[in-house]
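Okay, so here's the structure we're looking at.
These numbers were taken from a predicted model, which means no experiment stands behind them. Starting from 1, each residue takes its place in the sequence as its number.
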Amino acid sequence: MSLRRWMQTNAPPATILIRIVVGGIFLSEGIQKFLDPTTLGAGRFAKIGIPAPEVMGPVVGGMEVVGGVLLLIGLLTRFACVPLLVSMVVAIVSTKGPVLVGHAFGGFSLQKLDKYGLLSFLHEARTDLLMLFCLAFLLAAGAGKWSVDARTGMRTPHI
């Protein structure tokens, strides 16, 4: 698939609302991984059980900053969604998966909660699931009319 096709979008202008929220959250979370690495970056990754946390913390933080900015301006939106989707799947499996099954697994620790199982998983994962599905929407629909992708697509003839 060509770059031009990845940047094309027929999504409505209101798609900007999803881009602003999702892009803003990723940008904010990425910045915080650098500002407070002990609590939100490498230190948190080590506590969860993410391998090589001193490497993965900054890598994920950088990916969230760059991806967040790209989503906010609507540039290469579909490309930006792919690594962010992977990041969200890893976040759900590593932090919410143990809540679902009720015990640690695969090196991922179980957080202390009053209850475990499906309903606890859905409660704890609600924000992660929302981010995951918003990213899936943006991957499928594109950035929308009010984006750099749309402006670039308008200047490029369709093939």
Closest approach of [X] and [Y], non-hydrogen atoms and distance?
X: Pro98; Y: Ala104; answer: CB-CA, 4.4 Å
X: Thr9; Y: Ala143; answer: OG1-N, 3.6 Å
X: Ala46; Y: Pro53; answer: N-CB, 3.5 Å

Inset, instruction - Could you note down all residue pairs passing side-chain hydrogen bond (donor to acceptor under 3.5 Å, both in side chains) where residues 52-78 supplies at least one of them, sequence neighbours left out? - result: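 For residues 52-78, and leaving out neighbouring residues, the side-chain hydrogen bond (donor to acceptor under 3.5 Å, both in side chains) pairs sorted by first residue read Lys33-Glu64, Thr77-Asp149.
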Transitively linked via ILVMFWY side-chain contacts under 4.5 Å: [X] with [Y]?
X: Leu40; Y: Leu35; result: no
X: Phe79; Y: Ile18; result: yes
X: Val69; Y: Val21; result: no
X: Leu84; Y: Val82; result: yes
X: Val89; Y: Leu100; result: yes

Inset, instruction - Say whether, by atom type as modelled, one donor and one acceptor occur between the side chain of Arg19 and the main chain of Leu71 under 3.5 angstrom. - result: yes
Inset, instruction - Give a yes or no on whether the backbone of Lys47 and the side-chain of Ser109 come within a donor-acceptor separation of less than 3.5 Å. - result: yes
Measure the spacing between [atom1] of [X] and [atom2] of [Y] and express it to the nearest 0.5 Å.
X: Ile73; Y: Ile16; atom1: CD1; atom2: CD1; value: 11.5 Å
X: Ser147; Y: Leu72; atom1: OG; atom2: CG; value: 12.5 Å
X: Leu27; Y: Ile20; atom1: CG; atom2: CD1; value: 12.5 Å

Legend entry - Derivation and outcome, side-chain contact (heavy atoms from CB on, under 4.5 Å), residues Ile50 and Val90: CA-CA 9 Å; Ile50 301 290; Val90 171; 4.2 Å; yes
Inset, instruction - Please examine the side chains of Leu122 and Leu129, heavy atoms only from C-beta on, and report whether any two atoms are closer than 4.5 Å. - result: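 With C-beta onward as the side chain, the pair touches.
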Legend entry - Non-hydrogen side-chain atoms of Val65 and Phe26 separated by less than 4.5 Å: no
Inset, instruction - Apply side-chain contact (heavy atoms from CB on, under 4.5 Å) to Met56 and Val60, showing your working. - result: CA-CA 6 Å; Met56 293 308 296; Val60 171; 4.2 Å; yes
Inset, instruction - Start with the C-alpha distance between Ile92 and Phe121, add both sets of side-chain angles, then the distance that settles side-chain contact (heavy atoms from CB on, under 4.5 Å), and finish with yes or no. - result: CA-CA 9 Å; Ile92 291 168; Phe121 166 81; 4.0 Å; yes
Legend entry - Asn10 CG: over 12 foreign heavy atoms closer than 6.0 Å: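 No, CG of Asn10 has 12 or fewer neighbouring heavy atoms, counting only those of other groups under 6.0 Å.
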I'd like a table of donor-acceptor pairs (distance under 3.5 Å, sequence neighbours excluded) in which one partner is a side-chain atom from residues 110-118, with atom names and distances.
from: Gln111; atom 1: NE2; to: Thr95; atom 2: O; distance (Å): 3.4
from: Tyr116; atom 1: OH; to: Gln111; atom 2: O; distance (Å): 2.8
from: Tyr116; atom 1: OH; to: Leu113; atom 2: N; distance (Å): 3.0

Under 3.5 Å, which donor-acceptor pairs link side chains of residues 130-142 to any protein atom two or more places apart or in another chain?
none

